[in-house]
Number of protein chains: 2
Amino acid sequence: MDRVRTEMEMKGLLETFQERARALGVKTTPQRLAVYRELALRRGHPTVEEIYQALKREMPGLSLATVYRTLRYLEEMGLVRKAPSIDDKMRYEVELGAHAHFVCRNCGAILDVPLDCGACPQLQRWVEEGEVELEECQLIIYGLCKGCKG
Amino acid sequence: MDRVRTEMEMKGLLETFQERARALGVKTTPQRLAVYRELALRRGHPTVEEIYQALKREMPGLSLATVYRTLRYLEEMGLVRKAPSIDDKMRYEVELGAHAHFVCRNCGAILDVPLDCGACPQLQRWVEEGEVELEECQLIIYGLCKGCKG
DNA sequence: ATGGTTGCAAACGCTTTGCATAACG
DNA sequence: CGTTATGCAAAGCGTTTGCAACCAT
């Protein structure tokens, strides 16, 4: 349940990112690399503003608009994903696999939770009967994390 | 999977609303009743603007700010709930029990799905080990509804 | 040279707020 | 009467966009 990633994890993520970007024809400019790096570093599903603030130190000229544009573009390219908006601010994440989100009501921490779907008998019935066709699930669980509960 | 409610359903919902409002000391002004009624009428989890537009016909003087304030207030009082935001617009619903939301990627329809939680072995382990404490689940399923799939 | 990327500032859309008026108990 | 709700317009906030400068091929 750590909030930041180890160096080893980061190395793997960044390498995969560069490879996939090259394959997709996505230029890896210093700004894009920095944004992806900062996003990957944090497990906390940061807001765009948080990423911008963190990067401004090392990249004083960086513009907030660039961070917005970069994240939108990387999402279109399938290199990052939108995370659920807890407070009406845009959040992103680098995890691309299916997973749920645990949100601490107290401190706002957002943790990834492996998801083993099939919780909705009604929904399964609908699928079987051809009523709906499923594409994606987004599960958000609210509660209190270890640090915040009594 | 109907989008509007029957008269009988509406009658029950409105009566319950009035009772609960009285018990909570919430004034049932014409505007508040109208907003609740319009919200209850639609299963589609309307946006604030949609409710406002629908009511303006019968209440020409109604203000959008009042609709926003009313819904926020009713939510604080536990009489309505925020629905998941599909398009960064505020949505509300009258259903108070636990349920998931099925969202049609094509037409934007939002359907309620009874929820039988327990889909996350990892989460259950965390609860057992005292790592987290659960309060509420919000499950959004994206896909295509009957009318939109092939 | 040329297409794509960036920074800045202005614009945008949704939501909230300040204030005077009106409604309610 | 005093309190609370309403309507209107203005402000607020997060996000997007237009444009000129810039960069890399």
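To find a chain, count down the sequence lines: A is the first, B the second, and so on, and within it residues start at 1.
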Scan nucleotides 20-25 of chain C nucleotide by nucleotide, 5' to 3', and note B when protein non-hydrogen atoms come under 4.0 Å of the base, S if they reach only the sugar-phosphate, - if neither. ------
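- Among residues two or more places apart in sequence or in another chain, the salt bridge (Lys or Arg N to Asp or Glu O under 4.0 Å) test is passed with B:Glu95 by B:Arg5.
- Take B:Arg91 and apply the side chain to side chain donor-acceptor pair (under 3.5 Å) test, not counting sequence neighbours, and it matches B:Asp87.
- When the salt bridge (Lys or Arg N to Asp or Glu O under 4.0 Å) test is applied to A:Glu38, the partners found at least two apart in sequence or on another chain are A:Arg42.
- Between A:Ile51 and A:Pro46, the closest heavy-atom pair is CG1-CG, 3.8 Å.
- Protein chain A contacts DNA chain D from D:dG14 to D:dG18, reading 5' to 3' and using non-hydrogen atoms of the protein with a distance under 4.0 Å.
- Every residue two or more places apart in sequence or in another chain that forms a side-chain contact (heavy atoms from CB on, under 4.5 Å) with A:Lys11 is listed here: A:Glu15.
- For B:Glu49, there are no salt bridge (Lys or Arg N to Asp or Glu O under 4.0 Å) partners at least two apart in sequence or on another chain.
- Note that CE of B:Met77 is 11.0 Å distant from CZ of B:Arg20, once rounded to the nearest 0.5 Å.
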Would you give a per-nucleotide map of nucleotides 8-15 of chain C, 5' to 3', where B means the base has a protein non-hydrogen atom under 4.0 Å away, S means only the sugar-phosphate does, and - means neither? BB----SS
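- Regarding A:Leu71, its CG atom lies at a distance of 15 Å from the P atom of C:dT5, rounded to whole Å.
- B:Arg72 pairs by the salt bridge (Lys or Arg N to Asp or Glu O under 4.0 Å) definition with nothing, not counting sequence neighbours.
- The side-chain contact (heavy atoms from CB on, under 4.5 Å) test applied to A:Thr29 returns A:Lys27, A:Gln31, A:Arg32, not counting sequence neighbours.
- End-to-end axis angle of the helix from C:dA1-D:dT25 to C:dG25-D:dC1, from C1' rotation axes over five pairs per end: 30° (rounded to 10 degrees).
- Judged as a side-chain contact (heavy atoms from CB on, under 4.5 Å), and not counting sequence neighbours, the contacts of B:Ala40 are B:Met10, B:Leu13, B:Tyr36, B:Val94.
- For the pair B:Val26 and B:Tyr73, the minimum side-chain heavy-atom distance is below 4.5 Å.
- Counting non-hydrogen atoms of other residues, nucleotides and ligands closer than 6.0 Å to CD of B:Glu7 gives a total of 12 or fewer.
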